[in-house]
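First comes the structure, then the notes that go with it.
Just follow the structure's listing: the first ligand is 1, and inside any ligand the first atom is 1.
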Amino acid sequence: MTSREGILLVVSGPSGSGKGTVIGRLLERRNDFVYSVSATTRAPRAGERDGVNYYFISRDEFEERISAGMMLEYAEYCGNYYGTPKKEVYDRLAEGKNVILEIEVNGAMQVREKCPDAVLLMIAPPDFATLEARLRGRGDNVPEEVILRRLEAARYELSQLTIYDYIVINGNNQIDDAADRIIAVADAERSRVARSGDFCERFFSCEA
Ligand code: 5GP
């Protein structure tokens, strides 16, 4: 017996944790998980598509959506708004899908407050040296000050670990293992007695 409603899974992790790749692998493997497409005011990067990676909208539009109560959570990050459209999340959960929010820590804290049933999971590198090597090894000519800012942001994000329920360490070349661990968490959470709804009522009311 598992809950009929899906699990709301908040996944955070600093730049260089590999969270996007891990989530991508998980989604390839399991079609009962869906990715919540966020809205953002930042410009699309090369290859990003509206409605797939993000909904790219203006600041005015974003602020209207906040006022209209359409955002489950939102945060300002590096000068841009990022937020989770509420309706899509609730619709997919009601369909029984596990919904993944790939969001930063301030948004995760808001979800924790608003949705006590949500499961918060941090994807982390094995250690700081590995994180630094990954950020420097991307080969996209990122200026030193940007690398240092990302490392500082990573320290902050990982310092918030105690608000999360689970940590998944993503070691080098361990994408499948990390994806497996997230799947294991969601499957176990789904079997919690607290999520079994009216199981006892239905079972015992049918006694001969
Ligand atoms: P990027 O600009 O690199 O795509 O994302 C920057 C950060 O914003 C990442 O940590 C990402 O997880 C986070 N983010 C993406 N969408 C959302 C969202 O809807 N809400 C919040 N709070 N953070 C988000």
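- A salt bridge is defined here as a Lys NZ or Arg NE, NH1 or NH2 lying under 4.0 Å from an Asp or Glu carboxylate O, and E132 with R136 meets this definition.
- The ligand atoms of ligand 1 that sit less than 4.0 angstrom from a heavy atom of K19 are 10 (O), 12 (O).
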So Y166 and E189, side-chain hydrogen bond (donor to acceptor under 3.5 Å, both in side chains) or not? Walk me through it. CA-CA 11 Å; Y166 296 94; E189 286 286 338; 2.8 Å; yes

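- Nearest non-hydrogen protein atom to atom 11 (C) of ligand 1 is E102 O, 4.0 Å.
- Selection from E48, R42, E104 by nearest heavy atom to atom 22 (N) of ligand 1 gives E104.
- E73 OE2, 2.7 Å is the protein heavy atom nearest to atom 20 (N) of ligand 1.
- Contacts between Y82 and ligand 1 below 4.0 angstrom, taking non-hydrogen atoms only, involve backbone and side chain alike.
- In terms of heavy-atom proximity, R150 sits nearest to S15 at CD-OG, 3.8 Å.
- Using a 4.0 Å cut-off between charged nitrogen and carboxylate oxygen, D198 and R4 count as a salt-bridge pair.
- Between S36 and V89, the closest heavy-atom pair is OG-CG2, 3.9 Å.
- Where the criterion is an N or O separation shorter than 3.5 Å, residue side chain and backbone included, G83 meets it with respect to ligand 1.
- In R45, the part holding a heavy atom less than 4.0 Å from any atom of ligand 1 is the side chain.
- Considering Y55, Y77, Y54 only, the shortest heavy-atom separation from atom 15 (C) of ligand 1 involves Y54.
- Checking E63, R65, E76 one by one against Y81, the side-chain hydrogen bond (donor to acceptor under 3.5 Å, both in side chains) holds for a single residue, E63.
- Close approach to A75 involves these atoms of ligand 1, each under 4.0 Å from a residue heavy atom: 22 (N).
- Tracing side-chain contacts under 4.5 Å through hydrophobic residues (I, L, V, M, F, W, Y), one never reaches L8 starting from L27; they form parts of separate clusters.
- With hydrogens left out, the protein atom closest to atom 16 (N) of ligand 1 is S38 OG, 3.1 Å, a heavy atom.
- Checked for salt-bridge contact, D180 and R25 miss the test: no charged N lies under 4.0 Å from a carboxylate O.
- The ligand atoms of ligand 1 that sit less than 4.0 angstrom from a heavy atom of T84 are 19 (O).
- Residue G107 approaches ligand 1 through these ligand atoms, each under 4.0 Å from one of its heavy atoms: 22 (N).
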